[in-house]
Amino acid sequence: MPRRHRRAPESLPPAPRPRAATPPWASVPDHEVRLVSGEKEYRCPGCDHPVRPGVWHLVVVPEDAPEERRHWHTGCWRVELRRRGLGRA
């Protein structure tokens, strides 16, 4: 069977967003939201399931209480934003 020849793209695709950049939809007032990949297991407050090591997830840190930071699955944080009425997600 003959091989298919593929043409080289004429222009470069747009540069992807850096993996550690926080998605714009995830930001909320009075909280710092970071996209991270941790080395230990955390418990997601949205679903009460573990956030496994090496999985990209969001860390949400209240500006006035940094000791209350929480590690959320991305999908669980989307649901939480909708629940709070902040749902741009």
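With rounding to the nearest 0.5 Å, the separation of CZ in R78 from CG in L58 is 9.5 Å. Taken from CZ in R69 to NE2 in H31, the straight-line distance is 14.0 Å, to the nearest 0.5 Å. In this structure, CG in D30 is found 5.5 Å from CD in E63, a value given to the nearest 0.5 Å.
Within 6.0 Å of the CZ atom in R43, the count of heavy atoms belonging to other residues, nucleotides or ligands exceeds 12.
Side-chain contact between V61 and V59: present, with at least one pair of heavy atoms (C-beta onward) separated by less than 4.5 Å. Counting heavy atoms from C-beta on, the side chains of E41 and V51 never come closer than 4.5 Å.
Pairing each heavy atom of V33 with each of S27, the nearest pair is CG2-CA, 4.3 Å. Of all the heavy atoms in T22 and R34, the pair that sits closest is OG1-CA, 3.5 Å.
In this structure a side-chain-to-backbone donor-acceptor pair under 3.5 Å is present from S37 to G54. W72 contributes no side-chain N or O that, together with a main-chain N or O of P45, makes up a donor-acceptor pair within less than 3.5 Å. Without hydrogens or angle criteria, H57 side chain to C44 main chain gives no donor-acceptor distance under 3.5 Å.
With hydrophobic clusters built from ILVMFWY side chains whose heavy atoms lie under 4.5 angstrom apart, W56 does not share a cluster with Y42. With hydrophobic clusters built from ILVMFWY side chains whose heavy atoms lie under 4.5 angstrom apart, L35 shares a cluster with W25.
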